[in-house]
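Written below as structure tokens is the structure these notes are about.
Residues take their numbers from the sequence shown, with the count starting at 1.
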Amino acid sequence: MSSTPLPGIGVRYDLTTRESKQLSVIAHRDGGRTLSAYRKEDPDECALSTRLTPAEAEALIGVLMPSHHSPNLLSTTELGLVAERIELSSTSYWNGRVLGETRMRTDTGASIVAVLRRAEAIPSPTPDFRLAGGDELIIIGTREGVETAAAILGRE
């Protein structure tokens, strides 16, 4: 599985199956998903592409991972919140700077609740946490707040 940030759109996730089939999912910032499958004989040729609403994507998750749903899990979409994973590029203005300098929560209302760095997860990073290119930031907030946070983090 690999991921590619798509500025202004969301994130594309690509998967090559055990049978060498290519699948991709674009996680759009509006909560929708685009599911695409590619021809095995020509992996650049799309055989299927369909846009799913957030509700349809959630239904598909329920089919693929029935144990995914638990009454103890917080459903952020029902509360008007979203959680997104945003990768910090190595050319970002924030590469090498501390988290507090971003003024993320103050300026957007969104919170960086964790940072994924290589194989390590850093929960609740403090304001003096130094950001690095390649970090994946887990951000929770309103759709507008998360989009603004993505724009701030995308600054070069």
Side-chain angles (χ1 to χ4, degrees), residues 1-16 22-37 46 49-65 67-156:
M1 176 80 78
S2 66
S3 66
T4 305
L6 302 173
I9 298 170
V11 178
R12 176 180 166 153
Y13 298 93
D14 293 298
L15 170 72
T16 302
Q22 304 290 320
L23 301 173
S24 73
V25 174
I26 296 176
H28 296 271
R29 295 207 178 285
D30 67 3
R33 301 290 187 260
T34 299
L35 174 64
S36 300
C46 191
S49 184
T50 187
R51 173 82 185 228
L52 303 172
T53 66
E56 292 166 338
E58 190 170 338
L60 183 58
I61 290 168
V63 171
L64 294 173
M65 298 285 296
S67 62
H68 170 79
H69 296 288
S70 164
N72 295 326
L73 290 177
L74 173 65
S75 178
T76 55
T77 53
E78 290 174 9
L79 299 173
L81 299 174
V82 295
E84 283 211 22
R85 187 185 289 211
I86 297 173
E87 184 173 347
L88 189 73
S89 82
S90 59
T91 59
S92 171
Y93 171 81
W94 305 107
N95 183 13
R97 297 181 184 268
V98 296
L99 180 60
E101 288 181 53
T102 68
R103 297 181 38 88
M104 192 62 58
R105 190 175 12 226
T106 302
D107 292 348
T108 70
S111 297
I112 297 173
V113 297
V115 176
L116 307 177
R117 181 176 285 167
R118 294 182 203 94
E120 182 183 6
I122 300 111
S124 303
T126 59
D128 62 345
F129 178 83
R130 193 160 301 278
L131 298 168
D135 283 351
E136 290 191 34
L137 305 147
I138 308 299
I139 302 175
I140 293 181
T142 63
R143 167 65 43 212
E144 181 181 284
V146 170
E147 286 179 2
T148 303
I152 290 169
L153 293 169
R155 177 179 164 201
E156 293 189 5

**Asked** Can you name the closest pair of heavy atoms from Glu136 and Ser3 and give their distance?
**Response** OE2-OG, 4.2 Å
**Request:** Could you tell me whether the side chain of Glu56 and the main chain of Thr53 form a donor-acceptor pair under 3.5 Å?
**Result:** yes
**Message:** Out of the candidates Ile112, Val113, Val82, only one should pair with Ile140 under the side chain to side chain contact (heavy atoms under 4.5 Å, CB included) rule; please name it.
**Reply:** Val113
**Message:** Which residue is it: Leu6, Leu35, Thr4? I am looking for the one with a side chain to side chain contact (heavy atoms under 4.5 Å, CB included) to Ile26.
**Reply:** Leu6
**Item:** Side-chain (Ser92) to main-chain (Leu153) donor-acceptor, under 3.5 angstrom
**Value:** yes
**Item:** Point-to-point distance, once rounded to the nearest 0.5 Å, from CD of Glu101 to CZ of Arg130
**Value:** 7.5 Å
**Message:** Are more than 12 heavy atoms, taken from residues, nucleotides or ligands other than Arg105, located less than 6.0 Å from that residue's CZ atom?
**Reply:** no
**Message:** Would the distance check show the side chain of Arg51 and the main-chain N or O of Thr34 forming a donor-acceptor pair, the cut-off being under 3.5 Å?
**Reply:** no
**Message:** More than 12 heavy atoms of other residues, nucleotides or ligands under 6.0 Å from CD of Glu144: yes or no?
**Reply:** no
**Request:** Output the distance between atom CG (Leu52) and atom CZ (Arg33), rounded to the nearest 0.5 Å.
**Result:** 9.0 Å
**Item:** Non-hydrogen side-chain atoms of Leu137 and Leu88 separated by less than 4.5 Å
**Value:** yes
**Asked** Between atom CD of Glu147 and atom OG1 of Thr142, what is the distance when rounded to the nearest 0.5 Å?
**Response** 8.5 Å
**Complete:** Heavy-atom closest pair (Cys46 atom, Ser36 atom, distance to 0.1 Å) is SG-CB, 4.1 Å
**Item:** Nearest heavy atoms of Ile139 and Ala149, plus distance in Å
**Value:** CD1-CB, 4.1 Å
**Prompt:** Just by distance, do the side chain of Thr102 and the backbone of Met104 share a donor-acceptor pair under 3.5 Å?
**Reply:** yes
**Asked** Between OG1 of Thr91 and CG of Asn95, what distance do you get to the nearest 0.5 Å?
**Response** 8.5 Å
**Short side-chain to backbone donor-acceptor contact, Asp14 and Ser2, under 3.5 Å** = no
**Asked** Heavy-atom distance under 4.5 Å between the side chains of Leu99 and Val115, does that happen here?
**Response** no
**Message:** Any heavy-atom pair between the side chains of Tyr13 and Arg85 that's under 4.5 Å?
**Reply:** yes
**Item:** Lys/Arg-Asp/Glu bridge criterion (N-O < 4.0 Å) met for Asp135, Arg97
**Value:** no
